[in-house]
Protein chains: 2
Amino acid sequence: MSANPTTGEKILLATINLMADKGYDSTTTKEIALAAGVNEVTIFRHFGTKEKLLEAAFNRFHYGNEMTKLFNEGFTGNLHEDLLTLSRTYHNIMNRNRKLISISLKGSSTLPESVLQEASNNPKHLKNLLAQYLTTMSSQGKVITSNPEIQALSFMWMNFGAFISSLNAKEAVSEETLNEFIDESVRLFTKALSP
Amino acid sequence: MSANPTTGEKILLATINLMADKGYDSTTTKEIALAAGVNEVTIFRHFGTKEKLLEAAFNRFHYGNEMTKLFNEGFTGNLHEDLLTLSRTYHNIMNRNRKLISISLKGSSTLPESVLQEASNNPKHLKNLLAQYLTTMSSQGKVITSNPEIQALSFMWMNFGAFISSLNAKEAVSEETLNEFIDESVRLFTKALSP
DNA sequence: AATTAATGTAAGTGTTCACTTGCATTCATT
DNA sequence: AATGAATGCAAGTGAACACTTACATTAATT
């Protein structure tokens with residue numbers, strides 16, 4: 001389809017950057033062409049329609065199942081360490097995909113929900129993994145026995161809220177602030193969950 | 001400007017409902033007219049432009065400074081009780097304004113930021129109030145002395161994350177689930193913050 | 001019953017948008 | 001040097017949009 005791959009990539013990058021700012025509907029193909037340093041027609045020759053263009057962007061930059069792997073392999077059984085690892089990995093992934101998540105949160109009138117879904121409903125999957133982890137830990141007496149589902153939910157929502165806040169903030173949240181938050185919040189939850 | 005107030009209100013309500021779904025840019029005045037059961041021209045006679053229409057919607061439905069008042073008057077000095085009150089009041093307010101918040105999160109290419117700002121940057125104000133409260137409590141020995149700023153941030157982000165999640169969820173989050181979450185998360189934080 | 005304000009109807013304006021077409025140009029491959 | 005694919009350029013299409021204008025209709029006020 002494209003002999004010169006850099007042309008297609010330039011278009012995809014410009015698309016993501018612009019749509020993360022203004023949303024799908026309000027980003028015009030003319031703007032994308034200008035930002036990509038490419039003629040508008042080239043966009044349509046590469047991707048056919050504006051809709052397929054965003055689909056391509058999502059397919060290209062989407063993350064795999066890092067998290068599931070983390071839960072299966074990366075955990076030590078030490079609550080504080082594991083929550084820290086989880087929190088850090090989560091924010092890493094979210095930040096790597098922050099623009100795509102931004103686009104999908106803004107939504108669109110015409111775009112099929114399926115395109116936007118995977119990015120935004122992501123805490124649910126994590127919550128389940130974490131709840132399962134807490135249940136196991138609880139059966140080993142390493143965590144208080146009460147309500148793992150809602151405890152996991154609280155932890156994930158806290159991190160999700162932190163991420164969304166940084167997404168909409170005028171000035172970028174510094175890495176230092178993020179680390180400070182991760183450390184302190186993990187400390188809080190460790191204390192709260194310890195028997 | 002309008003002798004029959006219900007006409008203006010019907011338009012405002014339709015505007016909020018539609019824009020909460022599709023965002024400002026993608027909602028057309030024609031749709032609004034249809035949903036309000038009103039002729040399109042009537043919209044312009046009432047509000048002049050589409051932009052002023054949304055401004056009117058925000059002015060009409062915006063909430064005052066309930067939260068500041070809550071901190072000044074409504075707190076007992078019992079950590080668990082106070083966090084519970086805070087959490088409940090927060091979700092009450094957010095749910096009452098959920099559509100407007102939805103609109104402002106989706107953003108717009110043309111709309112001035114100032115119109116959308118107040119709704120979305122709201123956790124910051126609350127964080128400051130809560131941090132101050134925690135500092136006071138800590139000086140009374142009722143709360144561990146460590147990092148009130150980030151502890152307050154964690155609490156607010158958790159509730160903010162919960163709200164945003166419910167905003168984008170396909171099926172509405174039931175009131176029961178919300179209450180369960182509030183109870184358990186407040187319990188967690190109370191335990192974590194107690195000396 | 002007459003007046004007036006609020007609404008409806010119909011038609012249209014200018015603009016912007018996604019997308020198309022035809023042809024000229026560049027550039028790598030042979 | 002010749003060929004062919006990728007790109008640029010110029011122009012245009014039809015649809016949708018915010019918004020306007022002129023006039024007819026309704027409903028409340030006097």
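In the text below, chain A, chain B and the rest are named by the order of the sequence lines, each starting its count at 1.
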- line: To the nearest angstrom, the CZ-P distance between B:Phe47 and C:dT7 comes to 10 Å

message: Is the positively charged end of B:Lys127 above the ring of B:Phe160, judged by distance under 6.0 angstrom from the centroid and angle within 45° of the axis?
response: no

N or O in side chain of A:Asn39 less than 4.0 angstrom from D:dC9 OP1/OP2: yes

query: Got a second to check how far B:Lys99's NZ is from B:Leu18's CG, nearest 0.5 Å?
result: 9.0 Å

- prompt: Counting side-chain heavy atoms from CB outward, which of D:dG8, C:dT9, C:dT7 is closest to B:Val41?
  reply: C:dT9

task: Check the distance between C:dA18's C1' and A:Asp25's CG and give it to me in whole angstrom.
output: 12 Å

- line: Out of C:dG8, D:dC19, D:dT7, minimum distance to the side chain of A:Arg45 belongs to D:dT7

Interatomic distance, A:Phe44 CZ vs C:dA18 C1' [rounded to whole Å]: 5 Å

message: Tell me the interatomic distance from A:Lys50, atom NZ, to D:dA15, atom P, rounded to whole angstroms.
response: 19 Å

- prompt: When we call it a touch if two heavy atoms are under 4.0 Å apart, what does B:Thr27 touch: a base, just sugar-phosphate, or nothing?
  reply: sugar-phosphate

query: Within this structure, what is the CD1-to-P distance between A:Ile11 and C:dC19, rounded to whole angstrom?
result: 14 Å

- request: Check the pair B:Lys52, B:Glu55 against salt bridge (Lys or Arg N to Asp or Glu O under 4.0 Å), reporting the backbone distance first and the verdict last.
  value: CA-CA 5 Å; B:Lys52 283 200 217 135; B:Glu55 275 172 36; over 6 Å; no

- request: Kindly say whether B:Ser26 contributes a backbone atom to a donor-acceptor pair with the side chain of A:Asp25 at under 3.5 angstrom?
  value: no

Nucleotide of D:dG8, D:dC17, D:dT20 approaching B:Thr28 most closely (side-chain heavy atoms): D:dC17

- request: Find the distance A:Lys10:NZ to D:dA6:P and express it as a whole number of Å.
  value: 15 Å

message: If you compare every side-chain N and O of A:His46 against the phosphate oxygens of D:dT7 (OP1, OP2), does one of them come in below 4.0 Å?
response: yes

- request: When you get a sec, tell me which of C:dC19, D:dT7, C:dT7 is the closest nucleotide to the side chain of B:Thr7?
  value: C:dT7

Residue B:Thr42, side-chain atoms from C-beta onward, closest of C:dT7, C:dA18, D:dG8: C:dT7

- request: Please state how far atom NZ in A:Lys22 lies from atom C1' in C:dC17, giving the value in whole angstrom units.
  value: 13 Å

- prompt: For A:Glu40 and D:dA11, what is the distance between atoms CD and P respectively, to the nearest whole Å?
  reply: 15 Å

statement: To the nearest 0.5 Å, atom CZ of B:Phe163 lies from atom CD1 of B:Ile101 at 4.0 Å

